[in-house]
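The analysis underlying the following values was restricted to heavy atoms, covering all of them including side chains, and did not include hydrogens, waters or symmetry mates. Each ligand, and each atom within it, is numbered from 1 in the order the structure gives. Predicted model, so just to flag it, every value in this text is computed and none were measured.
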Amino acid sequence: MTKSALQIERAKYAPKMPKALQGNVKIVSGENTESVADQEDIKRIFPNTYGMPLVSFEASEVSKLFPEMNVGVILSGGQAPGGHNVISGLFDGLKKLNKNNKLYGFLGGPSGLVSHKYLELTADIIDEYRNTGGFDIIGSGRTKLEEEEQYDKGLEICKKLSINAIIIIGGDDSNTNACVLAEYYLQKKSGVQVIGCPKTIDGDLKNKLIETSFGFDTACKVYSELIGNIMRDANSAKKYWHFIKLMGRSASHIGLECALQTQPNVCLISEEVAAKDQTLQQIVDDLVQIIINRAANKENFGVALIPEGLIEFIPEMKTLIAELNELLAEGHATAEAFNAQVTDDEKRDYVISHLANDTSKVFKSLPKGIAKQLTLDRDPHGNVQVSRIETERLLIEMVEKRLSVLKKQGDTKVKFSALNHFFGYEGRCAAPSNFDADYCYSLGQTAALLVAEGKSGYMASVQNTTAPSEQWVAAGVPITMMMNMERRHGLMKPVIQKALVNLDAAPFKAFAIQRSEWALRTSYVYPGPIQYWGPAAVCDAPTKTLMLEKEDI
Ligand code: FBP
């Protein structure tokens, strides 16, 4: 396989590690834990994994001998930069503990465990993937592990390969499932441990002990580079407004971090829209006002960042989507009647006449194309696939419409020319930044230690990440500690609490106090591409989100 010059040099990078992991290591047990909420329910559902103590790893004078063990690893969900380094850290960690240890990778995500598709990961394979982006070493998938039948199939292959532990690298849902699996295997006295690792570019799997999910750092840096480039173009040509949608299925952490890095004219934060109970029209009106103000200031151009999940956070849109889901649910008479309408206009009229009054008004106010999109594309659960809705186009169309009304009334003469972009896949498989390369490698090493110490139902955790990596702390956090009960598909389920943007925390506050200045006066910052070699201030700095969150502690 031909490699780029950067790939060849980057393969030689030795990830920096916490001092405590560099030599002999001992485990230290801390306090017993409680779940963040709903303690009684979580305790009842997880009798074997509830209340376990926090653990951390410290340097030791004594070298400990560990028996041979085999471990299986699974990549779950969307790609995130650094996954290959978790696996290489895990591999090196296992070999350090006992050179006969083996690592198996289950192929294509959690389904590989159930369908017994695997590969033994040898040194040759691992060396090909060190410090690279992507999940292609073993592939990933979105199959959920939630049925006992799947757990039992998993156990079969673990027995066959003498696997002592499974490492699940995933987001909040995958780690919730990892904990359920850990509990089940303990209850069965199967001897198979389960350890989770925090992954997702979305940055919404975090708490006081899991400081960040891996991949967030690199993905935000890639998007910020691209946004900066577009800003420089906008500021050179001075004729376009760029509307940029940024990935992040639900939370707006990516948008917020990119805003802190680049200082755009607008950055919408879904959590704020929901908290302020804003309507789509209010969002559009605010945008229009900024456009008019900038034009009056002779800056008729701009950059607006839009989080992918916005639509679902606008209360009136949420109601509309819920009503549409109900109206068009497979098997419902209304869905059949809708499908029997022949033309697009007939279908539109049918929907309008069957929605509640207020919701029907919202539906009518949407550009026809977007309204139609809401009645199409449903996922296997019958829900609208909101991530496919082109929110950035929707906002452009609605801004154009509003400006044309204002022009007709003689209230403005502003010429508005907009371009739309969507950044997501551009960053998910980027070569990990030094932060992610180091963080992931340490997570992998920590996971190996948790397995060796017989732990199950823990998430690997690396803390103190705003300090130089030598001072990072390797630890294990019981997954039940992060759980609460939430309604999912009509039933109360134990799940890891998702971390949305906290409007009272330092990152949002830092943005909020500067945004009106950024809106009016061009204040762009151009971060440039990720640097792998050079001054630490350029190469090793964590995200602004992480730095600001430290101020809150
Ligand atoms: P994970 O939460 O699984 O890490 O995935 C995050 C994400 O990248 C979201 O930002 C995005 O909405 C989604 O995956 C897209 O996934 P897919 O490409 O599978 O549709």
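Counting heavy atoms under 4.0 Å from ligand 1, residue Asp202 touches it through the side chain alone.
Looking at Ser76 next to ligand 1, no N or O pair under 3.5 Å apart turns up.
Near Gly78, the atoms of ligand 1 lying under 4.0 angstrom from a non-hydrogen atom of the residue are 1 (P), 3 (O), 4 (O), 5 (O). Every atom of ligand 1 with a heavy atom of Glu308 under 4.0 Å away is listed here by number and element: 10 (O), 11 (C), 12 (O). Within ligand 1, counting atoms from 1 as listed, the ones closer than 4.0 Å to a heavy atom of Ile201 are 8 (O). With ligand atoms numbered from 1 in the order given, ligand 1 contributes 3 (O) to contacts under 4.0 Å with heavy atoms of Gly77. Residue Lys199 approaches ligand 1 through these ligand atoms, each under 4.0 Å from one of its heavy atoms: 1 (P), 3 (O), 4 (O). Each of the following atoms of ligand 1 lies closer than 4.0 Å to a heavy atom of Gly248: 10 (O).
In terms of heavy atoms, Phe435 sits closest to Thr465 at CE1-O, 3.7 Å. Minimum interatomic distance between Thr176 and Pro494 (heavy atoms only, all atoms of both residues): CG2-O, 3.3 Å.
In summary, Lys206 and Glu549 engage in a salt bridge, as defined by a charged side-chain N under 4.0 Å from a carboxylate O. A salt bridge is absent between Asp202 and Arg428; no separation between the charged side-chain nitrogens and carboxylate oxygens falls under 4.0 Å. Under 4.0 Å is where a charged nitrogen must lie from a carboxylate oxygen, and between Glu271 and Lys498 no such pair does.
Looking at Arg142, Arg249, Lys498 and measuring to atom 5 (O) of ligand 1, the nearest heavy atom belongs to Arg142.
Using bins of under 30°, 30° to 60° and over 60° for the plane-to-plane angle, the ring pair Phe423/His421 lands in the tilted bin.
Annotation: Phe214 is not in aromatic contact with Tyr439 [ring centroid separation under 6.0 Å not met].
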